[in-house]
Amino acid sequence: MRNSKLFFLVLFFFCVIPEAFSFQFQDYTWGIPWAEVRDKINKEKKDTLESTYTLSYSEEALGYDAVVTFVFTPGGKLLASVSIEWKTPAVAQVIKDRLTKEYGEPTKNPYTEEYTWQGASDAESLFLDCDAHETELYYYGGKYYTQFQREIANVIAAQKGYPQPEEKHSPPLKIDIQGGNNWRR
């Protein structure tokens, strides 16, 4: 939903640990355009790193240096995902404990230190990835993240020279002259 706030991150970072973060996400909604996000970041006087589908900036979060990245759909450049990456595993347990307290037990990958908290829809979720070198927290924005996945698959297919998926249309209406009033598709 376009007006859906980034409520998981807002609740976590502002209700649970308000003194730890100087940046705010409540001014962002899923599906807002690239330029609007860039303008908000620039208004806060943060230097951004821009790539084809992302805007990133550095920030101290939970006492450690982190990189915040906004991911956009390739076609419309609409906000689809937000991630925060720390180059330390030290924050992982704090984040996991707080998210579990707030949203219940996550689904855990049995082979890795990856945890998922499901949101209001199947495509809206929080994902925490912890390893020996870094901690990454991702929030996927519902239908906009689904749109991102579809569009990025098409971009990759086009780059590799694969045929693009065809649009599904109803077949044209045909009239059987021989059979009288037999309408068929």
Side-chain angles (χ1 to χ4, degrees), residues 1-34 36-37 40-41 46 51 53-74 76-153:
M1 173 185 313
R2 177 150 165 61
N3 293 325
S4 171
K5 297 289 183 179
L6 305 178
F7 65 94
F8 278 124
L9 291 175
V10 172
L11 286 174
F12 175 63
F13 294 125
F14 296 101
C15 297
V16 177
I17 312 171
E19 69 281 353
F21 280 43
S22 62
F23 59 88
Q24 298 180 3
F25 291 107
Q26 70 258 29
D27 293 337
Y28 301 92
T29 56
W30 297 124
I32 63 172
W34 167 289
E36 191 174 331
V37 172
K40 288 177 189 247
I41 295 169
K46 297 185 189 313
S51 70
Y53 311 116
T54 64
L55 286 172
S56 300
Y57 65 90
S58 297
E59 180 76 276
E60 185 176 301
L62 298 174
Y64 297 93
D65 290 338
V67 175
V68 177
T69 302
F70 295 89
V71 179
F72 299 86
T73 60
K77 297 275 189 167
L78 304 175
L79 182 60
S81 176
V82 177
S83 69
I84 304 170
E85 179 183 350
W86 293 266
K87 292 293 184 193
T88 178
V91 297
Q93 193 61 47
V94 172
I95 294 169
K96 181 181 171 289
D97 289 347
R98 293 300 183 166
L99 291 175
T100 299
K101 182 178 178 184
E102 188 70 31
Y103 305 111
E105 285 298 319
T107 302
K108 183 187 182 306
N109 182 321
Y111 306 105
T112 64
E113 289 298 312
E114 298 173 344
Y115 303 87
T116 304
W117 290 264
Q118 208 57 47
S121 72
D122 287 341
E124 187 174 68
S125 61
L126 270 167
F127 178 76
L128 179 63
D129 184 5
C130 321
D131 67 29
H133 306 289
E134 64 186 13
T135 300
E136 296 171 291
L137 178 63
Y138 301 91
Y139 184 41
Y140 303 114
K143 71 178 185 179
Y144 294 100
Y145 188 70
T146 302
Q147 179 180 342
F148 167 80
Q149 289 176 309
R150 186 176 54 251
E151 289 180 11
I152 203 72

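None of the values given here were measured: they were computed from a predicted structure.
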Kindly say whether L78 contributes a backbone atom to a donor-acceptor pair with the side chain of T73 at under 3.5 angstrom? yes
Parallel, tilted or perpendicular, as decided by the 30° and 60° cut-offs, for the rings of Y138 and Y140: parallel
Option passing ring-ring contact (aromatic ring centres under 6.0 Å, His included) with Y139 (candidates W30, Y103, Y145):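 Between Y139 and the candidates, ring-ring contact (aromatic ring centres under 6.0 Å, His included) is satisfied uniquely by W30.
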Would you say I41 and V68 make side-chain contact, with heavy atoms under 4.5 Å?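 SC-SC contact between I41 and V68 ruled out.
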With heavy-atom distances below 4.5 Å as the criterion, would you say the side chains of P33 and K77 are in contact? no
Partners meeting side-chain hydrogen bond (donor to acceptor under 3.5 Å, both in side chains) with T54 (sequence neighbours left out):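 T54 satisfies side-chain hydrogen bond (donor to acceptor under 3.5 Å, both in side chains) with S51 only.
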Please name all residues satisfying side-chain contact (heavy atoms from CB on, under 4.5 Å) with [X], sequence neighbours left out, ordered by chain then number.
X	answer
T112	N109, E114
Y115	K96, P106, K108, E113, W117, L128, C130
D97	Q93
S58	V67

Between Y144 and A80, which heavy-atom pair has the shortest distance, and what is it? O-CB, 3.3 Å
Go through the structure and list residues passing salt bridge (charged side-chain N to carboxylate O under 4.0 Å, His left out) with K87, not counting sequence neighbours.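 Here the qualifying residues are E85, E134.
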Rounded to the nearest 0.5 Å, the OH atom of Y53 sits from the CZ atom of F148 at a distance of 8.0 Å
Using 0.5 Å steps for rounding, measure from the CZ atom of F70 to the OH atom of Y57. 4.5 Å
Where do L137 and L99 land on the side chain to side chain contact (heavy atoms under 4.5 Å, CB included) test, with the steps shown first? CA-CA 11 Å; L137 178 63; L99 291 175; 3.9 Å; yes
Looking at Y64 versus W86, is the centre-to-centre ring distance below 6.0 Å? no
